[in-house]
*Asks:* 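Submitted below is the structure of interest, expressed as structure tokens.
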Amino acid sequence: MKIIIINGPNLNLLGEREPEIYGYDSLEEINNWIKNHNSCQNLDLEFFQSNSEGSIIDFLHQKRKDTDYCILNAGALTHYSYALRDAIAATQLKTVEVHLSNINKRENFRKTSVIKNVCIGQFYGEGKQSYIKAIEYILEKK
Ligand code: DQA
């Protein structure tokens, strides 16, 4: 099963970016931890990070035909990017929304996810474990 794992704006700075909120692991460390996790052993995982909305949308377009599922931490794009929302709908990629932090217990603007309704699930508030929750949810569905 092919799964793409996408991280959006500012997530390249994980480890140094507000570690009290997002943790002390870098994105590379998190990606390696996911790759080596027991739940992921038979999966074909591809990781992508970009700070640019257009590059993430282009990547979804490119991958739409040979990908089974998408795990997406869209960062702040989550809260306002209708273009990203439309790309998920347009590509029909089965997408699970993920966040490290609990977006419902922070600033009000983070409580809105404009991508939620086009995603098949949402996991947040468990740090890097949120990505594994998303993978286990996908594995239960297949
Ligand atoms: C985030 C939450 C977003 O509100 C924020 O803009 C991020 C990271 C998270 O993983 O907790 O960049 O998606």
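We count ligands from 1, going down the list as the structure has it; atoms in each ligand are counted the same way.
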*Asks:* Regarding Ser113 and Glu97, is there a side-chain donor-to-acceptor distance under 3.5 Å anywhere?
*Replies:*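 Yes, Glu97 and Ser113 have a side-chain donor paired with an acceptor closer than 3.5 Å.
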
*Asks:* Side chain, backbone, both or neither: which applies to His99 and ligand 1 if a contact is any heavy-atom pair less than 4.0 Å apart?
*Replies:* both

*Asks:* Please could you name the atoms of ligand 1 that His79 approaches to less than 4.0 Å, counting only its heavy atoms?
*Replies:*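 Contacts of ligand 1 toward His79, numbered from 1: 3 (C), 4 (O).
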
*Asks:* Show which atoms of ligand 1 fall inside a sub-4.0 Å distance from at least one heavy-atom site of Tyr22.
*Replies:*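 It comes down to these atoms of ligand 1: 5 (C), 7 (C), 8 (C), 9 (C), 11 (O).
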
*Asks:* Keeping the roles fixed (side chain from Asn51, backbone from Asn10), state whether a donor-acceptor pair exists under 3.5 Å.
*Replies:* yes

*Asks:* What I want to know is whether Ile103 and ligand 1 share at least one N or O pair that is separated by under 3.5 angstrom.
*Replies:* no

*Asks:* What part of Arg17, side chain from CB on, backbone N/CA/C/O, both or neither, has a heavy atom under 4.0 Å from ligand 1?
*Replies:*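 Contact part for Arg17 vs ligand 1: side chain (C-beta onward).
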
*Asks:* Just by modelled atom types, is the Arg64 backbone N or O under 3.5 Å from a matching donor or acceptor in the Thr67 side chain?
*Replies:* no

*Asks:* Let me see the working for Lys128 and Asp25 under salt bridge (charged side-chain N to carboxylate O under 4.0 Å, His left out), right down to the final yes or no.
*Replies:* CA-CA 9 Å; Lys128 62 187 178 185; Asp25 292 322; 3.0 Å; yes

*Asks:* Backbone or side chain, does any N or O of Ala74 fall under 3.5 Å from an N or O of ligand 1?
*Replies:* no

*Asks:* Could you say whether the N/O atoms of Thr78 and ligand 1 ever approach to under 3.5 Å?
*Replies:*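 No; every N/O pair is 3.5 Å or more apart.
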
*Asks:* As a quick check of understanding, evaluate salt bridge (charged side-chain N to carboxylate O under 4.0 Å, His left out) for Glu46 and Lys2, giving each step before the final call.
*Replies:* CA-CA 8 Å; Glu46 182 174 351; Lys2 164 98 178 174; 2.6 Å; yes

*Asks:* Nearest protein heavy-atom contact for atom 5 (C) of ligand 1: which residue, which atom, what distance?
*Replies:* Arg110 NH1, 3.2 Å

*Asks:* Identify whether NZ of Lys or CZ of Arg in Lys133 sits under 6.0 Å from the centre of the six-membered ring of Phe123 and within 45° of that ring's axis.
*Replies:* no

*Asks:* Using a 4.0 Å cutoff against the non-hydrogen atoms of Ser101, which atoms of ligand 1 qualify?
*Replies:* 2 (C), 9 (C), 11 (O)

*Asks:* Side chain, backbone, both or neither: which part of Leu100 has a heavy atom under 4.0 Å from ligand 1?
*Replies:* both

*Asks:* If every non-hydrogen atom of Leu100 is compared with every non-hydrogen atom of Asn73, which pair is closest and at what distance?
*Replies:* N-ND2, 4.1 Å

